[in-house]
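Counting starts at 1 for both ligands and their atoms, in listed order.
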Amino acid sequence: MANSKHDTILVLDFGAQYSQLIARRVRECDVYSEIVPFTISAEEIRNSGARGIIFSGGPSSVNTPGSPRPDEKIFSLGLPILGICYGLQVMSLMLGGKVECPEKKEYGIANISVDKPSILFDGVNRHSQVWMSHGDSVVSLAPGFECIASTDNCPYTGVEDVRRKFFGIQFHPEVVHSVEGTKMIENFVLKVCGARNDWNMGSFINDSVESIREKVGNKNVLLGLSGGVDSSVAALLIHKAVGDQLVCVFVNNGLLRKNEAESVVNLFGKHFNMKLQYADAEEVFLSALKGVSDPESKRKIIGKLFVETFYKEARKCNDISFLAQGTLYPDVIESRSPSGGPSSTIKSHHNVGGLPSDLKWELLEPLKDLFKDEVRALGKELGLPDELTYRHPFPGPGLGVRCIGEVTKERLDTLRDIDAIFIEEIRKAGLYGKIWQALADLLPVKSVGVQGDERTYREVCTLRAVTSEDAMTADWYRMPYDVLQRAASRICNEVPGVNRVLYDITSKPPGTIEWE
Ligand code: XMP
(Lines give C-alpha, C1' and ligand atoms only; values in the text may rest on other atoms or scores of the structure.)
Protein backbone atom coordinates (compact mmCIF):
# COMPACT_ATOMS: atom_id res chain seq x y z
CA MET A 1 0.00 0.00 0.00
CA ALA A 2 0.94 3.62 -0.58
CA ASN A 3 3.41 4.61 -3.19
CA SER A 4 6.76 4.86 -1.43
CA LYS A 5 8.25 7.22 -4.03
CA HIS A 6 5.35 9.67 -4.07
CA ASP A 7 3.40 11.47 -1.40
CA THR A 8 0.15 9.63 -0.91
CA ILE A 9 -3.30 10.63 0.31
CA LEU A 10 -5.36 7.76 1.68
CA VAL A 11 -9.11 7.73 1.17
CA LEU A 12 -10.79 5.70 3.94
CA ASP A 13 -13.84 4.12 2.37
CA PHE A 14 -16.97 4.18 4.51
CA GLY A 15 -19.06 2.74 1.70
CA ALA A 16 -19.72 5.87 -0.34
CA GLN A 17 -20.62 5.56 -3.97
CA TYR A 18 -18.19 8.43 -4.60
CA SER A 19 -14.98 7.08 -2.99
CA GLN A 20 -13.38 6.42 -6.35
CA LEU A 21 -14.18 9.94 -7.45
CA ILE A 22 -12.41 11.37 -4.41
CA ALA A 23 -9.26 9.45 -5.31
CA ARG A 24 -9.60 10.62 -8.92
CA ARG A 25 -9.83 14.27 -7.86
CA VAL A 26 -6.72 13.95 -5.69
CA ARG A 27 -4.86 12.38 -8.59
CA GLU A 28 -5.97 15.26 -10.80
CA CYS A 29 -3.82 17.39 -8.48
CA ASP A 30 -0.89 15.13 -9.53
CA VAL A 31 -0.80 13.56 -6.09
CA TYR A 32 -1.10 9.80 -5.71
CA SER A 33 -4.20 8.62 -3.88
CA GLU A 34 -5.37 5.23 -2.80
CA ILE A 35 -8.67 3.93 -1.44
CA VAL A 36 -8.40 1.76 1.66
CA PRO A 37 -11.10 0.09 3.79
CA PHE A 38 -12.14 2.13 6.85
CA THR A 39 -10.94 -0.79 9.00
CA ILE A 40 -7.29 0.04 8.29
CA SER A 41 -5.33 0.45 11.52
CA ALA A 42 -3.54 3.63 12.56
CA GLU A 43 -0.33 1.58 12.62
CA GLU A 44 -0.77 0.58 8.97
CA ILE A 45 -1.40 4.19 8.02
CA ARG A 46 1.73 5.32 9.86
CA ASN A 47 3.79 2.61 8.15
CA SER A 48 2.43 3.59 4.76
CA GLY A 49 4.00 7.02 5.03
CA ALA A 50 0.79 8.71 3.86
CA ARG A 51 0.71 12.53 3.96
CA GLY A 52 -2.96 12.94 4.68
CA ILE A 53 -6.26 11.16 5.09
CA ILE A 54 -9.71 11.70 3.62
CA PHE A 55 -12.73 10.05 5.25
CA SER A 56 -15.27 9.32 2.52
CA GLY A 57 -19.03 9.59 2.85
CA GLY A 58 -21.15 6.52 3.46
CA PRO A 59 -24.74 5.32 3.55
CA SER A 60 -24.95 4.70 7.31
CA SER A 61 -26.03 6.97 10.15
CA VAL A 62 -23.34 7.41 12.80
CA ASN A 63 -26.05 7.00 15.45
CA THR A 64 -26.98 3.51 14.25
CA PRO A 65 -25.38 0.85 16.44
CA GLY A 66 -22.62 -0.96 14.57
CA SER A 67 -22.13 1.82 11.99
CA PRO A 68 -18.54 2.06 10.71
CA ARG A 69 -15.85 3.68 12.88
CA PRO A 70 -12.19 4.17 11.99
CA ASP A 71 -9.42 3.20 14.40
CA GLU A 72 -9.58 5.99 17.00
CA LYS A 73 -5.78 6.16 17.13
CA ILE A 74 -5.93 7.69 13.65
CA PHE A 75 -6.67 11.01 15.33
CA SER A 76 -3.34 10.85 17.18
CA LEU A 77 -1.15 10.22 14.12
CA GLY A 78 -0.52 13.92 13.59
CA LEU A 79 -1.79 13.63 9.99
CA PRO A 80 -4.28 16.07 8.43
CA ILE A 81 -7.79 14.66 7.99
CA LEU A 82 -10.61 15.80 5.74
CA GLY A 83 -14.00 14.29 6.56
CA ILE A 84 -16.62 14.33 3.82
CA CYS A 85 -20.31 13.92 4.77
CA TYR A 86 -20.37 10.67 6.85
CA GLY A 87 -16.63 11.27 7.30
CA LEU A 88 -17.33 14.64 8.92
CA GLN A 89 -20.05 13.17 11.11
CA VAL A 90 -18.01 10.21 12.33
CA MET A 91 -15.02 12.44 13.08
CA SER A 92 -17.23 14.93 14.95
CA LEU A 93 -18.88 12.21 17.01
CA MET A 94 -15.66 10.41 17.90
CA LEU A 95 -13.99 13.65 18.95
CA GLY A 96 -16.83 14.76 21.24
CA GLY A 97 -19.39 16.50 19.00
CA LYS A 98 -23.03 15.61 18.43
CA VAL A 99 -24.80 14.41 15.29
CA GLU A 100 -28.56 14.28 14.81
CA CYS A 101 -31.07 13.63 12.10
CA PRO A 102 -32.84 16.96 11.58
CA GLU A 103 -36.35 17.31 10.22
CA LYS A 104 -35.10 19.11 7.13
CA LYS A 105 -32.78 16.88 5.17
CA GLU A 106 -30.78 18.17 2.25
CA TYR A 107 -30.38 16.46 -1.11
CA GLY A 108 -29.13 18.04 -4.29
CA ILE A 109 -27.68 21.41 -5.10
CA ALA A 110 -27.16 23.91 -2.25
CA ASN A 111 -25.26 27.14 -1.80
CA ILE A 112 -22.76 27.41 0.99
CA SER A 113 -21.73 30.60 2.61
CA VAL A 114 -18.07 30.74 3.64
CA ASP A 115 -18.29 32.34 7.08
CA LYS A 116 -14.65 32.42 8.14
CA PRO A 117 -11.41 32.49 6.15
CA SER A 118 -9.97 28.99 6.00
CA ILE A 119 -7.10 27.45 4.08
CA LEU A 120 -9.61 24.87 2.81
CA PHE A 121 -11.54 27.57 0.98
CA ASP A 122 -8.54 29.54 -0.37
CA GLY A 123 -9.52 30.98 -3.73
CA VAL A 124 -13.13 29.80 -3.33
CA ASN A 125 -15.99 32.30 -3.70
CA ARG A 126 -17.85 33.39 -0.54
CA HIS A 127 -20.96 31.80 -1.95
CA SER A 128 -20.36 28.58 -3.77
CA GLN A 129 -22.61 25.91 -5.26
CA VAL A 130 -22.17 22.44 -3.77
CA TRP A 131 -23.83 19.02 -3.90
CA MET A 132 -25.48 17.80 -0.71
CA SER A 133 -26.77 14.34 0.05
CA HIS A 134 -27.27 13.74 3.74
CA GLY A 135 -29.80 12.82 6.38
CA ASP A 136 -27.73 13.48 9.51
CA SER A 137 -26.04 16.76 10.45
CA VAL A 138 -23.53 17.86 13.05
CA VAL A 139 -25.49 19.82 15.68
CA SER A 140 -22.74 20.43 18.21
CA LEU A 141 -19.06 20.84 17.35
CA ALA A 142 -16.33 18.70 18.86
CA PRO A 143 -13.92 20.61 21.15
CA GLY A 144 -11.26 22.47 19.16
CA PHE A 145 -13.47 22.84 16.05
CA GLU A 146 -14.84 26.04 14.56
CA CYS A 147 -17.46 26.59 11.92
CA ILE A 148 -16.11 27.86 8.58
CA ALA A 149 -19.17 27.46 6.31
CA SER A 150 -22.92 27.03 6.53
CA THR A 151 -26.11 26.73 4.49
CA ASP A 152 -29.65 27.76 5.46
CA ASN A 153 -30.45 24.21 6.54
CA CYS A 154 -27.10 23.13 7.91
CA PRO A 155 -25.21 25.46 10.27
CA TYR A 156 -22.05 23.30 10.35
CA THR A 157 -21.52 22.70 6.64
CA GLY A 158 -17.78 23.29 6.95
CA VAL A 159 -15.69 22.91 10.13
CA GLU A 160 -12.01 23.00 11.03
CA ASP A 161 -9.66 22.39 13.89
CA VAL A 162 -6.69 24.41 12.68
CA ARG A 163 -4.31 23.16 15.36
CA ARG A 164 -4.77 19.46 14.51
CA LYS A 165 -5.37 20.14 10.77
CA PHE A 166 -8.75 18.38 10.88
CA PHE A 167 -11.38 19.58 8.40
CA GLY A 168 -14.90 18.47 7.69
CA ILE A 169 -17.47 19.30 5.03
CA GLN A 170 -21.06 18.15 4.83
CA PHE A 171 -21.23 18.32 1.02
CA HIS A 172 -19.49 16.29 -1.67
CA PRO A 173 -16.61 18.29 -3.21
CA GLU A 174 -15.74 15.39 -5.52
CA VAL A 175 -18.86 15.54 -7.71
CA VAL A 176 -19.08 17.95 -10.62
CA HIS A 177 -22.10 19.77 -9.19
CA SER A 178 -19.84 21.13 -6.45
CA VAL A 179 -18.50 23.84 -8.70
CA GLU A 180 -15.38 24.67 -6.67
CA GLY A 181 -15.02 21.25 -5.05
CA THR A 182 -11.80 20.37 -6.85
CA LYS A 183 -10.23 23.60 -5.59
CA MET A 184 -11.12 22.59 -2.01
CA ILE A 185 -9.61 19.13 -2.46
CA GLU A 186 -6.52 20.74 -3.98
CA ASN A 187 -6.26 23.11 -1.00
CA PHE A 188 -6.43 20.19 1.39
CA VAL A 189 -3.96 18.03 -0.50
CA LEU A 190 -1.37 20.63 -1.47
CA LYS A 191 -1.72 23.36 1.16
CA VAL A 192 -2.87 21.50 4.29
CA CYS A 193 -1.06 18.18 3.74
CA GLY A 194 1.83 19.79 1.82
CA ALA A 195 1.89 16.83 -0.56
CA ARG A 196 4.31 17.07 -3.49
CA ASN A 197 2.44 17.09 -6.80
CA ASP A 198 4.83 14.93 -8.78
CA TRP A 199 2.61 11.98 -9.66
CA ASN A 200 1.84 12.01 -13.37
CA MET A 201 1.92 9.62 -16.30
CA GLY A 202 5.60 10.32 -17.01
CA SER A 203 6.60 9.42 -13.46
CA PHE A 204 4.18 6.48 -13.47
CA ILE A 205 5.92 5.03 -16.54
CA ASN A 206 9.37 5.41 -15.01
CA ASP A 207 8.32 3.84 -11.69
CA SER A 208 6.46 1.00 -13.39
CA VAL A 209 9.26 0.17 -15.80
CA GLU A 210 11.63 -0.05 -12.87
CA SER A 211 9.34 -2.22 -10.75
CA ILE A 212 8.39 -4.52 -13.65
CA ARG A 213 12.09 -5.06 -14.39
CA GLU A 214 12.77 -5.79 -10.74
CA LYS A 215 9.89 -8.25 -10.45
CA VAL A 216 10.38 -10.03 -13.77
CA GLY A 217 14.19 -10.21 -13.75
CA ASN A 218 15.27 -12.36 -16.69
CA LYS A 219 12.07 -14.40 -16.78
CA ASN A 220 9.36 -14.34 -19.45
CA VAL A 221 5.89 -12.81 -19.43
CA LEU A 222 2.81 -13.88 -21.36
CA LEU A 223 -0.06 -11.53 -22.17
CA GLY A 224 -3.37 -12.14 -23.91
CA LEU A 225 -3.72 -9.23 -26.30
CA SER A 226 -7.32 -8.53 -27.26
CA GLY A 227 -6.92 -5.29 -29.19
CA GLY A 228 -8.80 -3.43 -26.44
CA VAL A 229 -7.33 -0.48 -24.56
CA ASP A 230 -6.37 -2.22 -21.30
CA SER A 231 -4.44 -5.17 -22.69
CA SER A 232 -2.82 -2.92 -25.33
CA VAL A 233 -1.55 -0.42 -22.77
CA ALA A 234 -0.38 -3.21 -20.45
CA ALA A 235 1.51 -4.75 -23.39
CA LEU A 236 3.22 -1.46 -24.28
CA LEU A 237 4.26 -0.79 -20.70
CA ILE A 238 5.64 -4.28 -20.11
CA HIS A 239 7.34 -4.25 -23.51
CA LYS A 240 9.03 -0.98 -22.61
CA ALA A 241 10.30 -2.61 -19.41
CA VAL A 242 11.41 -6.06 -20.58
CA GLY A 243 11.29 -5.99 -24.40
CA ASP A 244 11.36 -9.47 -25.93
CA GLN A 245 10.80 -11.18 -22.60
CA LEU A 246 7.15 -10.34 -23.26
CA VAL A 247 5.18 -12.66 -25.53
CA CYS A 248 1.71 -11.53 -26.58
CA VAL A 249 -0.87 -14.04 -27.67
CA PHE A 250 -3.61 -12.79 -29.96
CA VAL A 251 -6.49 -15.13 -30.67
CA ASN A 252 -8.48 -14.51 -33.83
CA ASN A 253 -11.79 -16.18 -33.00
CA GLY A 254 -13.38 -15.12 -36.28
CA LEU A 255 -15.79 -12.91 -34.35
CA LEU A 256 -13.74 -9.72 -34.63
CA ARG A 257 -14.57 -6.50 -36.41
CA LYS A 258 -13.53 -5.76 -39.98
CA ASN A 259 -9.72 -5.69 -40.40
CA GLU A 260 -9.24 -6.07 -36.63
CA ALA A 261 -6.82 -9.01 -36.76
CA GLU A 262 -4.66 -7.38 -39.45
CA SER A 263 -4.46 -4.10 -37.60
CA VAL A 264 -3.44 -5.75 -34.30
CA VAL A 265 -0.72 -7.73 -36.07
CA ASN A 266 0.48 -4.63 -37.92
CA LEU A 267 0.48 -2.36 -34.91
CA PHE A 268 1.94 -4.61 -32.25
CA GLY A 269 3.92 -7.07 -34.31
CA LYS A 270 5.31 -4.72 -36.95
CA HIS A 271 5.07 -1.14 -35.67
CA PHE A 272 5.92 -1.81 -32.00
CA ASN A 273 8.05 -4.83 -32.91
CA MET A 274 6.68 -7.07 -30.18
CA LYS A 275 6.86 -10.85 -30.04
CA LEU A 276 3.34 -11.68 -31.13
CA GLN A 277 1.92 -15.14 -31.36
CA TYR A 278 -1.08 -15.07 -33.68
CA ALA A 279 -3.57 -17.88 -33.30
CA ASP A 280 -5.94 -18.16 -36.25
CA ALA A 281 -8.82 -20.04 -34.67
CA GLU A 282 -11.62 -18.82 -36.91
CA GLU A 283 -12.53 -22.25 -38.24
CA VAL A 284 -12.44 -23.90 -34.83
CA PHE A 285 -14.82 -21.29 -33.41
CA LEU A 286 -17.18 -21.25 -36.37
CA SER A 287 -17.48 -25.01 -36.53
CA ALA A 288 -18.21 -25.15 -32.78
CA LEU A 289 -20.90 -22.50 -33.25
CA LYS A 290 -22.53 -24.23 -36.22
CA GLY A 291 -26.27 -24.55 -35.70
CA VAL A 292 -26.23 -22.80 -32.30
CA SER A 293 -28.59 -19.84 -31.82
CA ASP A 294 -29.21 -19.75 -28.08
CA PRO A 295 -27.33 -16.74 -26.62
CA GLU A 296 -26.10 -18.44 -23.46
CA SER A 297 -24.93 -21.53 -25.34
CA LYS A 298 -23.05 -19.28 -27.76
CA ARG A 299 -21.37 -17.42 -24.92
CA LYS A 300 -20.38 -20.66 -23.18
CA ILE A 301 -18.92 -22.17 -26.35
CA ILE A 302 -16.98 -19.01 -27.20
CA GLY A 303 -15.68 -18.57 -23.63
CA LYS A 304 -14.58 -22.19 -23.27
CA LEU A 305 -12.90 -22.30 -26.69
CA PHE A 306 -11.11 -19.04 -25.99
CA VAL A 307 -9.58 -20.45 -22.83
CA GLU A 308 -8.58 -23.67 -24.60
CA THR A 309 -7.04 -21.81 -27.54
CA PHE A 310 -5.23 -19.33 -25.33
CA TYR A 311 -3.63 -22.03 -23.19
CA LYS A 312 -2.79 -24.16 -26.22
CA GLU A 313 -0.85 -21.20 -27.61
CA ALA A 314 0.65 -20.47 -24.21
CA ARG A 315 2.03 -23.99 -23.93
CA LYS A 316 3.97 -23.35 -27.14
CA CYS A 317 5.90 -20.58 -25.42
CA ASN A 318 8.92 -21.61 -23.45
CA ASP A 319 9.66 -20.79 -19.86
CA ILE A 320 6.82 -18.48 -18.99
CA SER A 321 6.81 -17.28 -15.38
CA PHE A 322 4.27 -14.46 -15.43
CA LEU A 323 0.80 -13.95 -16.82
CA ALA A 324 0.13 -10.26 -17.41
CA GLN A 325 -3.36 -8.81 -17.27
CA GLY A 326 -4.74 -5.33 -17.86
CA THR A 327 -6.65 -5.26 -14.56
CA LEU A 328 -7.65 -1.73 -13.55
CA TYR A 329 -8.06 -0.11 -10.15
CA PRO A 330 -11.89 -0.21 -10.11
CA ASP A 331 -11.67 -3.99 -10.74
CA VAL A 332 -9.32 -4.37 -7.79
CA ILE A 333 -11.60 -2.38 -5.51
CA GLU A 334 -14.71 -4.24 -6.67
CA SER A 335 -13.11 -7.63 -6.18
CA ARG A 336 -11.98 -6.88 -2.64
CA SER A 337 -12.99 -9.58 -0.22
CA PRO A 338 -15.52 -8.59 2.48
CA SER A 339 -12.69 -8.67 5.02
CA GLY A 340 -11.16 -5.75 3.20
CA GLY A 341 -7.98 -7.09 1.60
CA PRO A 342 -7.60 -6.57 -2.14
CA SER A 343 -7.70 -9.90 -3.87
CA SER A 344 -5.92 -10.63 -7.10
CA THR A 345 -8.08 -13.39 -8.48
CA ILE A 346 -8.16 -13.64 -12.25
CA LYS A 347 -11.30 -11.93 -13.48
CA SER A 348 -13.61 -14.28 -15.28
CA HIS A 349 -14.56 -11.71 -17.91
CA HIS A 350 -10.91 -11.41 -18.83
CA ASN A 351 -11.62 -14.57 -20.69
CA VAL A 352 -8.66 -16.55 -19.42
CA GLY A 353 -10.57 -18.16 -16.57
CA GLY A 354 -8.72 -19.92 -13.77
CA LEU A 355 -5.20 -21.07 -14.52
CA PRO A 356 -4.87 -24.75 -15.48
CA SER A 357 -2.99 -26.61 -12.74
CA ASP A 358 0.02 -27.43 -14.94
CA LEU A 359 0.72 -23.73 -15.54
CA LYS A 360 2.17 -22.09 -12.49
CA TRP A 361 2.39 -18.45 -13.38
CA GLU A 362 2.55 -15.41 -11.21
CA LEU A 363 0.22 -12.54 -12.06
CA LEU A 364 1.61 -9.26 -13.35
CA GLU A 365 -0.93 -6.43 -13.30
CA PRO A 366 0.89 -3.18 -14.03
CA LEU A 367 -2.31 -1.09 -14.42
CA LYS A 368 -3.92 -2.15 -11.17
CA ASP A 369 -3.48 1.30 -9.60
CA LEU A 370 -5.04 3.22 -12.49
CA PHE A 371 -8.49 4.42 -13.47
CA LYS A 372 -9.69 4.00 -17.06
CA ASP A 373 -9.01 7.58 -18.11
CA GLU A 374 -5.52 7.34 -16.60
CA VAL A 375 -4.92 4.19 -18.66
CA ARG A 376 -5.93 6.16 -21.73
CA ALA A 377 -3.53 8.97 -20.79
CA LEU A 378 -0.82 6.35 -20.29
CA GLY A 379 -1.60 4.81 -23.67
CA LYS A 380 -1.23 8.20 -25.31
CA GLU A 381 2.10 8.75 -23.55
CA LEU A 382 3.31 5.32 -24.74
CA GLY A 383 2.42 6.11 -28.36
CA LEU A 384 -0.81 4.14 -28.75
CA PRO A 385 -2.79 5.62 -31.65
CA ASP A 386 -5.84 7.67 -30.59
CA GLU A 387 -8.13 5.42 -32.56
CA LEU A 388 -7.27 2.56 -30.22
CA THR A 389 -6.88 4.62 -27.06
CA TYR A 390 -10.39 6.03 -27.25
CA ARG A 391 -12.08 2.99 -28.71
CA HIS A 392 -15.57 1.96 -27.59
CA PRO A 393 -15.79 -1.19 -25.44
CA PHE A 394 -16.16 -4.45 -27.36
CA PRO A 395 -17.43 -7.64 -25.72
CA GLY A 396 -15.22 -10.72 -25.34
CA PRO A 397 -17.60 -12.93 -27.38
CA GLY A 398 -17.42 -10.28 -30.10
CA LEU A 399 -19.78 -10.36 -33.05
CA GLY A 400 -20.95 -13.77 -31.85
CA VAL A 401 -23.45 -11.98 -29.59
CA ARG A 402 -24.37 -9.44 -32.27
CA CYS A 403 -25.10 -11.99 -34.96
CA ILE A 404 -28.53 -12.90 -33.63
CA GLY A 405 -29.50 -16.44 -34.51
CA GLU A 406 -26.97 -18.74 -36.11
CA VAL A 407 -23.40 -17.51 -36.44
CA THR A 408 -22.02 -18.20 -39.90
CA LYS A 409 -19.03 -16.79 -41.76
CA GLU A 410 -21.33 -15.21 -44.33
CA ARG A 411 -23.53 -13.48 -41.73
CA LEU A 412 -20.43 -12.35 -39.80
CA ASP A 413 -18.96 -10.79 -42.94
CA THR A 414 -22.25 -8.97 -43.52
CA LEU A 415 -22.24 -7.72 -39.94
CA ARG A 416 -18.60 -6.64 -40.19
CA ASP A 417 -19.46 -4.48 -43.21
CA ILE A 418 -22.51 -2.96 -41.51
CA ASP A 419 -20.53 -2.21 -38.33
CA ALA A 420 -17.66 -0.63 -40.31
CA ILE A 421 -20.04 1.69 -42.21
CA PHE A 422 -21.93 2.71 -39.06
CA ILE A 423 -18.74 3.50 -37.13
CA GLU A 424 -17.26 5.33 -40.12
CA GLU A 425 -20.32 7.58 -40.43
CA ILE A 426 -20.28 8.29 -36.69
CA ARG A 427 -16.60 9.19 -36.86
CA LYS A 428 -17.11 11.38 -39.93
CA ALA A 429 -19.83 13.28 -38.08
CA GLY A 430 -17.41 13.84 -35.16
CA LEU A 431 -19.71 11.97 -32.76
CA TYR A 432 -17.61 8.93 -31.84
CA GLY A 433 -16.25 10.46 -28.64
CA LYS A 434 -19.71 11.49 -27.46
CA ILE A 435 -20.98 7.91 -27.55
CA TRP A 436 -20.16 5.19 -25.00
CA GLN A 437 -20.72 2.41 -27.48
CA ALA A 438 -22.09 2.08 -31.00
CA LEU A 439 -22.93 -1.33 -32.37
CA ALA A 440 -24.81 -3.15 -35.07
CA ASP A 441 -26.73 -6.41 -34.83
CA LEU A 442 -27.86 -8.67 -37.64
CA LEU A 443 -31.33 -10.12 -37.07
CA PRO A 444 -32.50 -13.55 -38.22
CA VAL A 445 -35.49 -11.90 -39.87
CA LYS A 446 -36.02 -11.24 -43.54
CA SER A 447 -38.11 -8.49 -45.06
CA VAL A 448 -39.23 -7.58 -48.53
CA GLY A 449 -37.61 -4.61 -50.19
CA VAL A 450 -37.17 -3.03 -53.58
CA GLN A 451 -33.62 -2.28 -54.66
CA GLY A 452 -33.11 -0.96 -58.16
CA ASP A 453 -35.99 -2.46 -60.06
CA GLU A 454 -35.80 -5.68 -58.18
CA ARG A 455 -37.84 -7.12 -55.38
CA THR A 456 -35.48 -8.32 -52.63
CA TYR A 457 -35.98 -10.53 -49.61
CA ARG A 458 -33.07 -9.92 -47.27
CA GLU A 459 -32.00 -9.70 -43.64
CA VAL A 460 -32.71 -6.81 -41.27
CA CYS A 461 -30.06 -5.09 -39.16
CA THR A 462 -30.30 -2.79 -36.16
CA LEU A 463 -27.99 0.02 -35.22
CA ARG A 464 -27.58 0.96 -31.58
CA ALA A 465 -25.67 3.77 -29.87
CA VAL A 466 -25.77 4.52 -26.17
CA THR A 467 -24.39 6.99 -23.69
CA SER A 468 -23.30 5.69 -20.30
CA GLU A 469 -20.93 6.31 -17.39
CA ASP A 470 -20.08 2.72 -16.57
CA ALA A 471 -22.29 0.40 -18.70
CA MET A 472 -24.44 -0.38 -15.65
CA THR A 473 -27.16 1.90 -17.00
CA ALA A 474 -27.33 3.48 -20.44
CA ASP A 475 -29.49 5.82 -22.46
CA TRP A 476 -30.02 5.55 -26.20
CA TYR A 477 -28.11 8.19 -28.08
CA ARG A 478 -30.16 10.83 -29.90
CA MET A 479 -28.34 10.30 -33.16
CA PRO A 480 -28.86 13.12 -35.67
CA TYR A 481 -31.22 12.00 -38.44
CA ASP A 482 -28.78 12.82 -41.22
CA VAL A 483 -26.13 10.49 -39.73
CA LEU A 484 -28.70 7.72 -39.47
CA GLN A 485 -29.84 8.43 -42.97
CA ARG A 486 -26.31 8.24 -44.42
CA ALA A 487 -25.51 5.04 -42.52
CA ALA A 488 -28.80 3.36 -43.52
CA SER A 489 -28.50 4.31 -47.14
CA ARG A 490 -24.88 3.16 -47.39
CA ILE A 491 -25.68 -0.13 -45.64
CA CYS A 492 -28.52 -0.94 -48.07
CA ASN A 493 -26.41 0.08 -51.08
CA GLU A 494 -23.07 -1.44 -50.10
CA VAL A 495 -23.90 -4.55 -48.08
CA PRO A 496 -25.42 -7.25 -50.24
CA GLY A 497 -27.29 -9.26 -47.61
CA VAL A 498 -29.38 -6.46 -46.09
CA ASN A 499 -32.32 -4.34 -47.22
CA ARG A 500 -33.68 -2.81 -43.99
CA VAL A 501 -32.07 -0.83 -41.17
CA LEU A 502 -33.61 -0.11 -37.74
CA TYR A 503 -32.37 2.17 -34.95
CA ASP A 504 -32.68 0.80 -31.41
CA ILE A 505 -34.12 3.31 -28.91
CA THR A 506 -34.16 1.07 -25.84
CA SER A 507 -32.38 2.31 -22.74
CA LYS A 508 -30.69 0.07 -20.15
CA PRO A 509 -32.68 -0.97 -18.19
CA PRO A 510 -34.86 -2.50 -19.52
CA GLY A 511 -32.62 -3.50 -22.44
CA THR A 512 -28.98 -4.51 -22.09
CA ILE A 513 -26.42 -2.81 -24.32
CA GLU A 514 -25.68 -5.99 -26.25
CA TRP A 515 -28.63 -7.88 -27.72
CA GLU A 516 -27.44 -11.23 -26.43
P1 XMP B 1 -24.67 -5.41 -21.37
O2 XMP B 1 -25.02 -6.02 -22.67
O3 XMP B 1 -24.70 -6.39 -20.22
O4 XMP B 1 -23.13 -4.95 -21.48
O5 XMP B 1 -25.47 -4.17 -21.06
C6 XMP B 1 -22.47 -4.09 -20.62
C7 XMP B 1 -21.09 -3.84 -21.17
O8 XMP B 1 -20.29 -5.02 -21.10
C9 XMP B 1 -19.88 -5.41 -22.40
N10 XMP B 1 -19.95 -6.87 -22.44
C11 XMP B 1 -18.89 -7.69 -22.32
N12 XMP B 1 -17.58 -7.42 -22.19
N13 XMP B 1 -17.11 -9.75 -22.15
C14 XMP B 1 -16.69 -8.46 -22.12
O15 XMP B 1 -15.47 -8.22 -22.03
C16 XMP B 1 -18.42 -10.09 -22.28
O17 XMP B 1 -18.79 -11.25 -22.29
C18 XMP B 1 -19.35 -8.99 -22.37
N19 XMP B 1 -20.70 -8.94 -22.50
C20 XMP B 1 -21.05 -7.62 -22.54
C21 XMP B 1 -20.84 -4.72 -23.35
O22 XMP B 1 -20.27 -4.54 -24.64
C23 XMP B 1 -21.10 -3.42 -22.63
O24 XMP B 1 -20.03 -2.51 -22.81
* **Residue among Asp417, Asn499, Leu463 satisfying side chain to side chain contact (heavy atoms under 4.5 Å, CB included) with Ile491** => Leu463

* To do: Flag the pair Arg24 and Glu174 as a salt bridge only when some basic side-chain nitrogen lies within less than 4.0 angstrom of an acidic carboxylate oxygen.
  => no

* Counting from 1, what ligand 1 atoms have a heavy atom of Ala471 closer than 4.0 Å? -> 6 (C), 7 (C)

* **Electrostatic pair Asp419-Arg416, nearest N-O below 4.0 angstrom** => no

* Does any N or O atom in Phe394 lie less than 3.5 angstrom from one in ligand 1, N or O only? -> no

* Structure fact -> Among Glu514, Glu516, Gln437, Arg299, the residue with a heavy atom nearest to atom 19 (N) of ligand 1 is Arg299

* **Sole residue of Tyr18, Tyr86, Tyr107 in ring-ring contact (aromatic ring centres under 6.0 Å, His included) with His172** => Tyr18

* **Element-labelled atoms of ligand 1 that are located less than 4.0 Å from some non-hydrogen atom of Pro397** => 13 (N), 16 (C), 17 (O)

* To do: Give the single entry among Pro509, Ser226, Gly303, Pro395 that approaches atom 12 (N) of ligand 1 most closely by any heavy atom.
  => Pro395

* Asked: Does Gly396, backbone or side chain, put an N or O under 3.5 Å from an N or O of ligand 1?
  -> yes

* Report yes if Arg402 has an N/O atom closer than 3.5 Å to an N/O atom of ligand 1; otherwise report no. => no

* **Proximal atoms of ligand 1 relative to Lys508 (non-hydrogen, under 4.0 Å)** => 1 (P), 3 (O), 5 (O), 6 (C)

* **Donor + acceptor pair across side chains of His239, Asn273 (<3.5 Å)** => no

* Touching ligand 1 at all, Met472? Heavy atoms, strictly under 4.0 Å? -> no

* **Closest heavy-atom pair and its distance - Ala23, Ile35** => CB-CG1, 3.9 Å

* To do: Begin from the C-alpha positions of Leu223 and Leu225 and carry the test side-chain contact (heavy atoms from CB on, under 4.5 Å) through to its verdict.
  => CA-CA 6 Å; Leu223 180 139; Leu225 192 63; 4.0 Å; yes

